[in-house]
Asks: 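Here it is: the structure, laid out below.
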Amino acid sequence: MNIPLVDLKAQYKTVEEKAMKAVSEVLSSASYIMGKDVTEFEKEFAEYIGVKHAISVGNGTDALVLALMACGIGEGDEVITTPFTFFATAESISFIGATPVFVDVEKDTYNIDPLKIEEKITKKTKAIMPVHIFGQPAKMDEIMAIAKKYNLKVIEDAAQAVGSEYKGKKSGAIGDVGCFSFFPTKNLGCAGDGGIITTSNDNIATIARALRTHGSGENGQRAYNLLNNINEEVKTSEGHDDTVYNPLKYYNYLIGFNTRLDTIQAAILRIKLSNIDNWNEKRRENAKMYDEKLKDTGLTLPFSILESKSVYNMYVVQSGNREEMINKLQDKGISTGVYYPVPMHLQKVYKNLGYIEGDMPVAEYLAHRTFAIPIFPELSIEQKDYIVDTIKDINC
Ligand SMILES: *Cc1c(COP(=O)(O)O)cnc(C)c1O
C-alpha cells in the first residue's frame, strides 16, 4: 500500500464541485486582484480566529515580514524565537534587518521554552516570535507575561496552527499579531501560495494593509503617520480603497511590497474555511488513535499540554534509529518527512551569528530524532491500520 505524507488530491475531491464553481465565477468576474472574495474571506477569517482585523497577503513568509514591520521592528532590533522551525520564521526577522535570537525548545512539546527566554532579553529586544510548531500552541501565558514585563511585542507564527487553541483562545488571537500560511500542505491550504495576518490592533492592521500594496493611497498615508508619530487627518476617498481603481493609487508614502492574496485563492479558501473544524477534528482523532496504538513501540510520541488543543499539522514522533525507520517505512510504501534536520542556529546562512553546536542542546537532539508520519484527515481506516501494523512490525 502506498501512502503519501499528505494527500492533497484526496482533499481536493471533497471540495471539487464547489471550488470549480467559485473559481469559474472569479474568472468571469475578471476581478482578480482584491475582489469581493478577498474582502469576504478576510471578514470570515477574522471572525473565525476571534480578532478585529485579518489582512491577507501573498504567502506566510510575507505575513511575518509585514507583521514585524507593522510592529515598528527593523534595523538593529532583536527578536527572540525558536531554532526548531521552518526557515521563514528566522528569515523574516533577518529580512527586515533585525537579528533573530534563538531560545532552545522543550523536549516534549518541541515549542520554545519560556523558562529560557528572559536570560536572552537585552536592550535591543523588541519582540518574541513563538511558533506553534506542528499545530500545537506554545505556552502563551508564560510568553505573554514576559512580553508584558519587558514591554515586547508578541508575533505568533501560527503558519502550522490554524484553528488550534490555547485556554479556549485561538492561535493568532493571543499575541499582538498572528501570521498564517495557506501553503497547500498547511491545514488550511489554497491552490498555490497565500497567507494572512490577524490582529485586533488598529494601527498594526493599517500599516500591514499599506505595506501589502506599495505603501500607497490613504492607507499608505495613515501608515506613514503612524510610523512617524504624526498626528493629522487623512482625507478619505469614496469606497475604492485598496483596489486597482483606487484614485490615490499613485501616491506613495512607504517602501512596501506587492503581496496580495489572489481573488481565486480567496474563493477557494472561503470554501475550505467552512470545513476546517471538521478536518482538524479528524486530525485530532487520528492523533488519538496513534497515541493509543503506538504507545508500546520504541517511538517517542508527541506530547500535548493540557491548556492547548493542537491541530496536528504534523504528527511528529522520535526515534533513535530515524534513518533505519524511515527507510523501512518507505520500503513498505509509507512516506514520512523529517522536520527539521538542521536547527536555525546551525544553518550556514547564520554562521555570522556565532552559534556553535551545543548552544541549543534540545533542538539539536530533536533534529537527529524527529520525523512525521501521515496524519491527514482523509486517511482511511485501512491506511491507518496498515501504518500502525507496519510500525509495530519494524519495531519487533
Ligand atoms: C509554512 C511556514 C511558514 C511560511 O509560509 P509560506 O506560506 O510558505 O511562506 C512560516 N513559518 C512556519 C512555521 C511555517 O511552517
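In listed order, ligands and their atoms are each counted from 1.
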Asks: What atoms of ligand 1 come closer than 4.0 angstrom to any heavy atom of V131?
Replies: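 Reading through ligand 1 atom by atom, the close ones are 13 (C).
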Asks: Under 4.0 Å from any heavy atom of T61, which atoms of ligand 1 are there?
Replies: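 Those of ligand 1 that fall under 4.0 Å from T61 are 4 (C), 5 (O), 6 (P), 9 (O).
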Asks: Are any of the N/O atoms in G60 less than 3.5 Å from those in ligand 1?
Replies: yes
Asks: Purely on distance, is any nitrogen or oxygen of Y340 under 3.5 Å from one on ligand 1?
Replies: no
Asks: Salt bridge check: are K149 and E118 linked by an N-O gap of less than 4.0 Å?
Replies: yes
Asks: So if I apply the side chain to side chain contact (heavy atoms under 4.5 Å, CB included) rule between I96 and each of L64, D77, V65, V79, which one comes out positive?
Replies: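 Checked L64, D77, V65, V79 against I96; only one passes side chain to side chain contact (heavy atoms under 4.5 Å, CB included): V65.
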Asks: Does any N or O atom in S181 lie less than 3.5 angstrom from one in ligand 1, N or O only?
Replies: yes
Asks: Please work out whether the ring planes of F41 and F182 are parallel, tilted or perpendicular, with thresholds of 30° and 60°.
Replies: perpendicular
Asks: In the protein, what heavy atom is nearest to atom 11 (N) of ligand 1, and what distance, to one decimal place, separates them?
Replies: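 Here the closest protein heavy atom is D157 OD2, 2.8 Å.
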Asks: Taking only heavy atoms of T85, which atoms of ligand 1 are found under 4.0 Å from at least one of them?
Replies: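 Once the distances to T85 are compared, the set is 13 (C).
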Asks: Among V154, I93, I121, I143, which residue meets the side chain to side chain contact (heavy atoms under 4.5 Å, CB included) test with I80?
Replies: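 The passing option is I121.
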Asks: Between K186, M129, E91, H132, flag the one that comes closest to atom 2 (C) of ligand 1 by a heavy atom.
Replies: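 Checking each option, the heavy atom nearest atom 2 (C) of ligand 1 is found in K186.
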Asks: Have a look at Y110 and tell me which of Y340, Y365, F134 forms a ring pair (Phe, Tyr, Trp, His ring centres under 6.0 Å) with it.
Replies: F134
Asks: Holding to side-chain contact (heavy atoms from CB on, under 4.5 Å), I want the full list of residues that pass it with S28, two or more places apart in sequence or in another chain.
Replies: none
